[in-house]
Number of protein chains: 2
Amino acid sequence: MNSKSIRQKEIAEKTGFSINTVSLALKGSPRISEETRSIIMECAKQLNYIPNVVARSLVQKKTNTIGIILTELMNPILTETAQEIEQILKKSGYNMMLMITNSSPEQEAEALDVLVSRQVDGILMYPVFTANFAKIKLLRDNKFPIILLAGGDYELPTDAVYVNRREGAYKAATHFIQAGHKRIGFLGGGNYSDKEKQNGYFAALQDNHIPFDPSLVGRVQSDGYDAGYASIEELYKNAMPTAVICTRDYIALGAMRWCRERGIRIPEELSFIGFDDTAAASFAEIPLTSVKYDVKAVTEKATELLFQRIDEKDKSVAMSIQKISIQPRLVIRQS
Amino acid sequence: MNSKSIRQKEIAEKTGFSINTVSLALKGSPRISEETRSIIMECAKQLNYIPNVVARSLVQKKTNTIGIILTELMNPILTETAQEIEQILKKSGYNMMLMITNSSPEQEAEALDVLVSRQVDGILMYPVFTANFAKIKLLRDNKFPIILLAGGDYELPTDAVYVNRREGAYKAATHFIQAGHKRIGFLGGGNYSDKEKQNGYFAALQDNHIPFDPSLVGRVQSDGYDAGYASIEELYKNAMPTAVICTRDYIALGAMRWCRERGIRIPEELSFIGFDDTAAASFAEIPLTSVKYDVKAVTEKATELLFQRIDEKDKSVAMSIQKISIQPRLVIRQS
DNA sequence: TTGTATGCGTTATCAG
DNA sequence: CTGATAACGCATACAA
């Protein structure tokens, strides 16, 4: 891409060897004599030769690129996911093409198409919902390496590594129950992961023989601080809970602010548990108990699995589909 | 990449046309009759043809890929930067290869090399420091499109779009001075951007004829919440400031917590201003006044400039080097 | 309107 | 140990 781009051809002409010899020498093939190798290397350095990875990818049918599809980046969990994946990939000689879907199925479909046409060696994706499962299944059927970072419960025969949100909510509810709470609220949105959490909450109530009161389940319009602030009032006034599970830390923090402004004491009058164990949870005025999403565990397992799938493409044997579930952990603080 | 990868060749054989005709028809060339075009399109759809962008890139000498180099992703400013850039690039038909340097000059150099060898059409980078300026200059001299997202003050003839941190600190200090503060502290780290802020702080003191007391400048070891918490004590006890400018919101929030735990009232006894206007600043117990880093302005200007540089490569004319400075704005809250 | 020939920069195959 | 030749999949100039 320089003004005069140096190719192997130039250094072949300069040194008098064939292009082939140059190619072999540059990648340190043992078939080339030490002497000519050093001549070629020297010349390459002098001309500031930079290999053209695009050409190499074309002939090797391998781009050393992994596509990452995320719904957004501002969610701290996904930020960390992206960062961790980048670190791991780099160590293994891969680079990362990052696509953000804004939780739009159309953008997700587009991202999949783009990545496939760019010949990425594999894809890690945090799916929007189930909208593109047909497309994903098609890829999977063609042995394309693709791992989902969520949705182990999905009815889709695809590899997935995910945090068991249902279990997280179950643990949160159980924690409240053991502390003597009887009226435990739930505040979340309508998306799939929140539904999973809600199921865990229900299960804990049921296992502990606590009757379910529908008014204890509040709905939130978005998943930010403001939404928590805006939604807690209705839940609080209608159901009078003594504890509330919120599907995101920020929702809990917003709700806690609403309480603070009205003199409702936390945790004496009302307790909270959030999800994801974000930094904000730990340094809130009243540090928030939270269900920790173990990003490192997810990214490590997911990349490991992805690399296995990539290796498999050459061989004929293939592992069966893997659904790897990571257990969440409750980080107990003062809320 | 499918089990049997469909190429233009296959659809040429199937339809009886030449590969060339197929190629032209698929990209909707007007030179192909409507009839054969629809035949070819139909066949392509049926075979689920996916173009090989790698091959296309090789011949066109254009990858439609932009490299993004960031020091990290967990810093909210950089998270937003990455997300915004992705959105803008997508609209213009580009995709993004993301590299994280962990503030290591070695990793930064490596990232530059990788991106160049991958033939990206341009690079946007948030530089670690000045370590790789020779390399960057070399690229720039070869007309490689590269825009720095920081460091307008750097002595480097390269395009840059950045937020004027010096000006931000100047505004913060002036705000305090106008509120009657005489003993204004400064809490920051030793990196380049914090130095710039410190210079703005000095300038404001000087312009308002406030004598400078070295004990008012505190040093922080990292740039997180804990660092602020740990570092405010020394500054407070040694210099007894009535207001403190912190180089990051999190530093301020940590310091504010330390004060709260000791009954120091904010803002009556001690005021704070942070930098970046992060979400955490707005919903802190005492909402934090902060110098807003206008990510959207930076990313929009930077991509615009980058696209111009990319266009220029074809033409012989070239703009002179651009240093675009974005003015920060003080978001005043209750701290 | 369509087909032929050539090239993008590299690696792979097979001789020598 | 080294060199000639053919791929990789697509796009382009030039013919027909």
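Order of the sequence lines sets the chain letters (A, B, ...), proteins ahead of strands, with each chain counted from 1. In this text, all values refer to a predicted model and were calculated from it rather than measured experimentally.
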task = Please report, rounded to the nearest Å, how far the P atom of dG9(D) is from the CG atom of Leu47(B).
result = 15 Å
query = Is there a side-chain contact (heavy atoms from CB on, under 4.5 Å) between Asp159(B) and Lys323(B) once you walk through the steps?
reply = CA-CA 6 Å; Asp159(B) 296 313; Lys323(B) 298 274 188 187; over 6 Å; no
query = Counting only heavy atoms not in Lys14(A), do more than 12 sit closer than 6.0 Å to its NZ atom?
reply = no
request  = Indicate, with a heavy-atom threshold strictly under 4.0 Å, whether Ser57(B) touches base, sugar-phosphate, or nothing.
outcome  = nothing
query = When you look at Gln107(A) and Lys90(B), which way does the side chain to side chain donor-acceptor pair (under 3.5 Å) test go after all the steps?
reply = CA-CA 10 Å; Gln107(A) 289 188 46; Lys90(B) 182 160 33 183; 3.1 Å; yes
task = Scan Gln8(B) against the nucleic acid and name what it touches under 4.0 Å (heavy atoms): base, sugar-phosphate only, or nothing.
result = sugar-phosphate
note = Rounded to whole Å, the CG-P distance (Leu26(A) to dT10(C)) equals 9 Å
query = Rounded to whole angstrom units, what separation is found between the NZ atom of Lys27(A) and the P atom of dT10(C)?
reply = 10 Å
request  = Let me know, please, whether Gln60(B) or Val22(B) comes out on the 5' side of the other along DNA chain C by nearest nucleotide.
outcome  = Val22(B)
ask   = Of all the choices, dT11(C), dC10(D), dG9(C), which nucleotide is nearest to the side chain of Lys61(B) once you look at every atom?
value = dG9(C)
message = Does Arg31(B) reach a base, just sugar-phosphate, or nothing at all? Heavy atoms under 4.0 Å.
response = base
key: Positive for side-chain contact (heavy atoms from CB on, under 4.5 Å) with Tyr94(A), one of Thr303(A), Ile66(A), Val120(A), Ile88(A)   = Ile66(A)
request  = Figure out the CZ/C1' separation between Arg7(A) and dT11(C), and round it to whole Å.
outcome  = 16 Å
From dT2(C), dG9(D), dT10(C), nucleotide with atom closest to Ile32(B) side chain = dT2(C)
inquiry  = Under 4.0 Å, counting only non-hydrogen atoms across every strand here, what does Lys9(B) touch: a base, just sugar-phosphate, or nothing?
reply    = nothing
task = Check every atom of dG3(C), dT10(C), dC10(D) against the side chain of Asn20(B) and return the nucleotide holding the closest atom.
result = dG3(C)
message = Which is more 5' along DNA chain C, the nucleotide nearest Val59(B) or the one nearest Thr21(B)? Just name the residue.
response = Thr21(B)
request  = May I ask you to evaluate whether Tyr49(B) reaches the phosphate of dC10(D), defined as a side-chain N or O under 4.0 Å from OP1 or OP2?
outcome  = yes
ask   = Rounded to the Å, how far apart are Phe17(B) CZ and dT2(C) P?
value = 6 Å
ask   = Is the shortest side-chain N/O distance from Ser23(B) to OP1 or OP2 of dC10(D) below 4.0 Å?
value = no
task = Walk me through it: do Thr65(B) and Arg118(A) pass the test side chain to side chain donor-acceptor pair (under 3.5 Å)?
result = CA-CA 10 Å; Thr65(B) 304; Arg118(A) 280 179 176 276; 2.7 Å; yes
query = Is the distance from OP1 or OP2 of dC1(D) to the nearest side-chain N or O of Ser33(A) less than 4.0 Å?
reply = no
query = Rounded to whole angstroms, how far apart are CG on Leu24(A) and P on dA12(C)?
reply = 9 Å
inquiry  = As a quick check of understanding, evaluate salt bridge (Lys or Arg N to Asp or Glu O under 4.0 Å) for Glu42(B) and Lys45(B), giving each step before the final call.
reply    = CA-CA 5 Å; Glu42(B) 178 61 31; Lys45(B) 199 149 291 175; over 6 Å; no
ask   = Closer than 4.0 Å, any side-chain N/O of Gln119(B) to the OP1 or OP2 of dC8(C)?
value = no
Rounded interatomic separation in angstrom, taking CZ from Arg37(A) and C1' from dT2(D) = 16 Å
query = Please give, in whole Å, the distance from dC10(D) P to Lys62(B) NZ?
reply = 19 Å
Thr36(A) side chain near dT2(D) phosphate (N/O to OP1/OP2, under 4.0 Å) = yes
request  = Could you tell me whether Ser18(B) contacts a base, only the sugar-phosphate backbone, or nothing, with contacts defined as non-hydrogen atoms closer than 4.0 Å?
outcome  = base
